[in-house]
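Down below is the structure, laid out as structure tokens.
Residue numbers begin at 1 in each chain, while the letters A, B, ... track the order of the sequences.
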Amino acid sequence: MTVLRRIAPQLVTLAALVALVTLFFPDFLRIEVVDGRFVGPVMDIAKRGAQVGLLTVGMTLVVATRGIDLSVGTVMAISGAVAAWAITHDVSLAGTLALALTAGAAAGLWNGCLVALVGIQPIVATLILMTSGRGIAQLITEGRILTFSNEGLAFLGSGDLLGIPVPALIWFAAALAIALLMRRTALGLLVEAVGVNRSASALAGVNAAVLLVAVYVASGLCAGLAGIVSAADIRGADANNAGLWLELDAILAVVIGGNSLLGGRFSIAASLIGALIIQTIDTGILLAGFPSEYNLVIKAALVLVILVLQSPNLAHQWRTVGRAARRRREGVPLSAKAQGQ
Amino acid sequence: QTVGFSQIGSESGWRAAETTLTKQQAEERGITLKFSDAQQKQENQIAAIRSFIAQGVDAILLAPVVATGWDSVLKEAKDAEIPVVLLDRQVDSDKSLYLTAVGSDLVHEGEVAGQWLVDHVAGKECRVVELQGTTGSSPAIDRKTGFEKAIAGHDNVKIVRSQTGDFTRAQGKEVMESFLQAEGRGQNICALYAHNDDMAVGAIQAIKEAGLKPGDDILVVSIDGVPDIFKAIAAGEANATVELTPNMAGPAFDALKAYMDDGTVPPKFIQTDSKLYTKADDPEGEYERRKNLGY
Amino acid sequence: MNPRLYPLAATIAIFALAWAICVMQFPTMLSTRVVGNLLTDNAYLGIVAVGMTIVILSGGIDLSVGSVIAFSGVFIAVMLRDTNLHPLVVFVLLLAVTTAFGAAMGGLIHALAMPPFIVTLAGMFLMRGLAYMLTIDSVPINHPFYDLLDGAYWLMPGKGRLTLIGAAMLVAVAVGMVVAHRTRFGASVFALGGGEATARLMGVRVGRTTVAIYAFSGLMAGLSGIVFSIYTKSGYPLATVGTELTAIAAVVIGGTLLTGGAGFVFGTLIGVLTMGLIQTYIVFDGTLSSWWTKIIIGLLLLAFILLQKSLLRLSAIGGGRATRSRNEAAA
Amino acid sequence: MLLTIRSLTKTFPGTTALDAVDFDLAAGEIHALLGENGAGKSTLIKCLTGAYSRDGGEISLEGRPISPRSTSKAQELGIGTVYQEVNLLANLTVAQNLTFGREPTRFGMVDARAQKRQAEAMLEGYGLDIDVSRNLAAYSVAVRQIIAIARAVALSGKVLILDEPTASLDAREVETLFDVVRGLRDRGLGIVFVSHFLDQVFALTDRVTVLRNGRRVASERTADLNRVRLIEHMLGHALEDEVIAHGKTHDAAAAQRPELLRFENFGRRGHVEPFDLAVGRGEVLGLAGLLGSGRTESAELLFGVVEAHSGAARDENGTFDLSSPRAAVAAGFGYAPEERKEDGIVADLSVRENIALALQAHRGWLRRLSGAEQARLANNYIARLDIRTFGPEQPVGELSGGNQQKVVLARWLAMNPRFLILDEPTRGIDVGAHAEILRLIQKVTAEGMSILIISSELDELIAVSDRVIVVRDRRHVAELTGREITSDTIVRAIAAPQAGRQNSGEEAA
Ligand SMILES: Nc1ncnc2c1ncn2[C@@H]1O[C@H](COP(=O)(O)OP(=O)(O)OP(=O)(O)O)[C@@H](O)[C@H]1O
Ligand SMILES: Nc1ncnc2c1ncn2[C@@H]1O[C@H](COP(=O)(O)OP(=O)(O)OP(=O)(O)O)[C@@H](O)[C@H]1O
Ligand SMILES: [Mg+2]
Ligand SMILES: [Mg+2]
């Protein structure tokens, strides 16, 4: 119930957005069953949203600790490259996945150590990996698109299970797992405490440093998973372009999800809806068929409108305005000014 | 002899191949190559050229990221008497500022692709979807122009949807998926024109996943001639590609050598072939020939 | 020395050391040519970084600047192509636009209490998008006035050129230093960076200051756009992608805390030159592949930051306990 | 009347902080504003200076209605304020802090030299000899407090407001401050003085206004009041027994307790000279000293906030690790730090979560305290410590200062540690809660908990301590037990031969 109340603004936004897209593309909500698979724009969004969505899960945790992880897009490229390299070097599917996830976790560990132990500010610490990580990924692929034909790996990007795209399932499962891990254990509380006030938390005996490192590792793992999905999607690792600028989308999603960049309270569910909102904007723009030079302006405008509407300050002002109006209506007889409104 | 090479970056397999081939060519000729990767930034390229000048290299190869904005740095090179050869893309500076340009005509490439489609459909109604390159990049603009030029006057062929796929496989696939959704699950699409092969390869996967046969249900024509598209052509999943050779450095070094040996001034534009390849042109063989070039 | 100045001193010392290492390997790097190049090639970055420094000092961030530079170039090029306005008039128009844009972002940040990161991120999309809407092509600028601006330089001994735009950056830095360290506005900026709630109680007009800060950053980004358009004599909507991150890195290397409230505009100049030095060094070396270039840039960045940190820590131990070690760990 | 406030009202979501409050301030008067924690004193002040926008009511200054929208506006009107817990901007220099908003300029630029001169002039008369061009961060809380006062005094052309200015000052500094304030009164300023130290109220003020639950309950001349009546006004009932009044009887026998812990040669270079310390079970150790003498640093050392360079901690099972707060908690230690805003509370989290935090951290993340358990814990301490909140789910940041302090105490009491370190635990706490906390200390020590308490209030220290350690220049110089514990002996031990102010941050030692 409280969860529902927390995510209500995001749900409303999503619904409004869906209505808007439907206006431009009437078939938006239609879902058909073709060869036992559900197909339709909505399924595309669920599938395409997997990459941003996975990044968003990790990013939510990082943001909750008052950090930010700019490297996730790059980490996707690294883990995708590792996966493609492994599978083309006759590593088993399980081994490949393990290697790719390990790469993601290692990247997260590096970030976490720079932030928590060396004390470099998160933006800068992750900026370092953001720039050099693509080099590492290209080192693995030698600058080419490393293609593979392993059906098992490709299944993770374009397969279906019970008619639902596998990336959507992965995304959902990962989010659910981490959300449960946070809320069924004390991790959620401890992460929030460290995010609000690290020094007070440390004095209360919270192992802030380890927790911070863990959060970045989680972000790295999520990015690793997203990297696998993106490589599986195109059956190849594109070190240069995989996840390019996706970190910005992920951060946007976290904020649209109502989480504060100043750390503290977080909601993974709300972040996920944020990711869905972003993906709906992207897909909606493609479906609506505007010339591509308008893409960015439309996206910027929509994001701005959403941010403005969701701003807590605005909600507060509305309430005050509403109260003042009510008072005016109740107290004073309708003045000329009030009639004018 | 030292030659500085300012490369755009390593944003695609094609460019990686160009870099590899340039390094190979330099090595074969005993030239010391100073390589600089600008990571898609013109400002880095300008800075790199200035550094080359400061270092006193003998010649400069430049693969310009964009056509405009090179005047002053080229003038500086000219003042320092360092010949500059442009690779694969043109600049709109004064022609006296560089020795020669090696490359293909991007508009022409688009025309070749468009002409193939016009010929192939032979008057039949054909609704085309277009995957553009990165918005604002010169290949995207020119290849679009060329294609439109070729289909102009053929009312049966028309572009119904056009979106950017950023020259990448992933975007090519994603945008193609939305094209398929938007055009009656692909039933209303006759052909796909992609500004590069990578996007085409991504789109082919999207077409397959939508249960259609690329190359059959939807014709696929694209540009570059990277190994993977030959594989697709061999498998009947793509129909045609226009080659852009990554070996721009060979002719460039030749021209430089001639110029330095006896002052032979090369023509201002050394155009490479824009050869069209289809299933008839031994795609398997072409694939084998290219697969180790660093694409 | 006042401990306030330690970070600046550390930055300068590391830069000097780095340059010395470079010169040992490539003696030509001492030439005035390289010095002139360093100033000219990083002029646009230096100017925009000055604006960024003010923003970061106030505890904010401005991600829109790269897009604003690109927009500026396109705006100027299109205006000069399609109208008969004199470039100077176009410059004034442009600066009005970018300053107003910055002010609008500042207004949003304040009025909605939204994090600057997000508002300016949307601004980044918006400006890049507007540039596309003006033109998707690169537009050359052919105007005699531009030839004049471009051709203006002082030939230093040794064939190095101190160009107009290089000098413009130095002036911008000087102006930035005065604004940040010698005006009441600057004091308010530092106060905001120290903590908004406290600053408010001390009498800072938070809203007005926030608007002014982002307007200033917009102004500097517009100026940087002008310089960039002189530098390339063209406008290109895809230009300067990711410049905001480079600028932020330069500011941080310059010893300014990203959390706000402490730093130096002069340090930013050193930071910018450091970034330029890294770039130059890599070009001089000329053997690195595309991927090693990226890796090395990142590693050098890290090395700088680590060196700076350890120098500061050393000086903290030597020069009396300026901060409690606990605070250091939390920073 | 210099300043009149009529039916001022302010509501926060969930609470009415001020309910039609009237307040008058005459020129040349020192007016105490008193009330329990959370009564609305700070809120009244913030509404007055424009830091909060009020929901209703009128304010007039010298007969003219004013409505400051921002604090700078109030400053222009001649109202200088020291806010509770806001110790200026640590990232600016002392001089910048002092002259902020009124910097001397030349050609539109700040004149650094004049600024420095001006700042030094402003600090004159406070007996503070510090380098004003260094960052405020270099100085201790007490020094910052004095700087804040100096700034407010300089800003106050008509009205000076002091919200608990003496909370971290020791007796000597309080005297200095009082001299300054009396001087201002004689010059005709109106002064509002908020404090929980009733002795100071009686010593300094001319009139008293008492708030309770956001309402004004009394406004009388101080001379007409006595302590008991005043407390009744504040609490709404009489205080059963004031602990300070009848504290411990210090007879020699009480000192014999079984030993719980022993620190041997414990110290850290540059922080605290090595010392030996034995702690008995159920014993209350007091730590006395001047500001900046190293009491807080001793406490931090004992809790592993900073690691010791020498020495070991030992209990009946041998030595144990004290290298980090975590280790200290594992060893059964607790620590309520001095700076509750930075080091104590986790502002955005609820009262419930703040109270459960240490316990949860100790149990580890896998063994989560269920919401119900946490709520039970929280409700228990909300009742026991009389924490004024509208429920366990209220964010701690919204509580009044004193109530935040109680939450931090509750966090550690919930852990039931064997050794609890309290650094200024009663700072900013009202009389009622003060008595409650001291009673609580007696209760838990009777149950066997040992406590180390740091306090600048000697009376309090004497009342609760079984033993008092005196710290001077980062060195433990004396240990007083039994009958030796009197304010006389302590003061004598504190006063160093070269008795001068130990300005924290300026020390060369
Ligand atoms: N920002 C806020 N949001 C919500 N409630 C608040 C806020 N600030 C204060 N309150 C509430 O208003 C009431 C009055 O608080 P105030 O700080 O004025 O008390 P006070 O008398 O100064 O107490 P103390 O002696 O502890 O400082 C308290 O109940 C507090 O919880
Ligand atoms: N916030 C701070 N930042 C840097 N140094 C500090 C800070 N607080 C205290 N110090 C240093 O620690 C030393 C002792 O601290 P502090 O003044 O807290 O001692 P104390 O004896 O506990 O005094 P009290 O608790 O009465 O304020 C000071 O000399 C000062 O240099
Ligand atoms: Mg208060
Ligand atoms: Mg202390």
Side-chain angles (χ1 to χ4, degrees), chain B residues 2-11 15-16 19-20 23 32-57 64-73 75-76 79-80 91-93 132 134-138 140-142 144-145 164, chain C residues 26 28-29 31 33-34 36-38 40-42 44-45 70 73-74 77 131-132 135-142 147 150-151 159-161 163 228-243 246 276 279-294 297:
Chain B
T2 309
V3 173
F5 174 31
S6 171
Q7 175 63 291
I8 295 177
S10 54
E11 74 279 9
R15 201 153 289 286
T19 304
T20 312
K23 285 184 175 168
T32 318
L33 193 74
K34 291 254 171 196
F35 174 73
S36 158
D37 179 306
Q39 292 165 49
Q40 281 88 1
K41 292 190 186 146
Q42 180 178 25
E43 54 273 26
N44 286 355
Q45 288 203 293
I46 295 177
I49 295 173
R50 288 226 164 91
S51 291
F52 288 148
I53 298 172
Q55 260 177 304
V57 296
V65 64
V66 55
T68 54
W70 302 100
D71 294 8
S72 38
V73 70
K75 212 172 289 162
E76 259 176 65
D79 290 347
V91 301
D92 65 4
S93 302
Q132 301 174 33
T134 304
T135 311
S137 66
S138 57
I141 296 168
D142 292 346
K144 185 172 174 56
T145 313
T164 177
Chain C
F26 304 106
T28 34
M29 281 190 68
S31 68
R33 235 183 222 276
V34 173
N37 287 353
L38 219 48
T40 307
D41 293 334
N42 296 295
Y44 78 99
L45 184 62
V74 173
Y132 280 144
T135 175
I136 57 166
D137 216 339
S138 72
V139 181
I141 298 175
N142 297 309
D147 296 333
D150 184 36
K159 285 211 160 178
R161 299 173 181 190
T163 54
F228 196 75
S229 78
I230 296 171
Y231 184 55
T232 62
K233 284 221 266 177
S234 65
Y236 181 42
L238 273 179
T240 56
V241 172
T243 293
T246 319
Q279 195 82 35
T280 310
Y281 175 81
I282 286 175
V283 176
F284 266 69
D285 179 73
T287 57
L288 293 178
S289 67
S290 300
W291 25 104
W292 277 110
T293 305
K294 294 192 176 101
I297 288 180

Part of Ser36(B) lying under 4.5 Å from any heavy atom of chain C: side chain

Ser289(C) portion near chain B, given a 4.5 angstrom heavy-atom threshold: both

Under 4.5 Å from a heavy atom of chain B, the part of Leu238(C) involved: side chain

Per-residue contact mode, Phe284(C) against chain B (heavy atom under 4.5 angstrom): both

Pairing residues for Ser72(B) by the side-chain hydrogen bond (donor to acceptor under 3.5 Å, both in side chains) criterion, not counting sequence neighbours: none

Chain B contact via Asp137(C) - side chain, backbone, both or neither, heavy atoms under 4.5 Å: both

Segment of Thr28(C) engaging chain B (4.5 angstrom heavy-atom cut-off): side chain

Chain C contact via Val65(B) - which portion, at a heavy-atom distance below 4.5 Å: backbone

Choice from Arg161(C), Met29(C), Lys233(C) maximising heavy atom contacts with chain B below 4.5 Å: Arg161(C)

Contacting region of Asp79(B) [heavy-atom separation from chain C under 4.5 Å]: side chain

Residue Asp285(C) versus chain B: region with a heavy atom under 4.5 Å: backbone

Residue part contacting chain C, namely of Ile46(B), when any heavy atom lies under 4.5 Å: both

Side chain / backbone / both / neither for Thr240(C) at chain B, heavy atoms under 4.5 Å: both

Leading residue by heavy atom contact count with chain C [cutoff under 4.5 Å; candidates Ala140(B), Ser10(B), Gly136(B)]: Gly136(B)

Chain C interface, residue from Glu43(B), Gln42(B), Lys41(B) that has the most non-hydrogen pairs under 4.5 Å: Glu43(B)

Residue, of Gly151(C), Ser234(C), Ser31(C), that accumulates the most heavy atom pairs under 4.5 Å with chain B: Ser234(C)

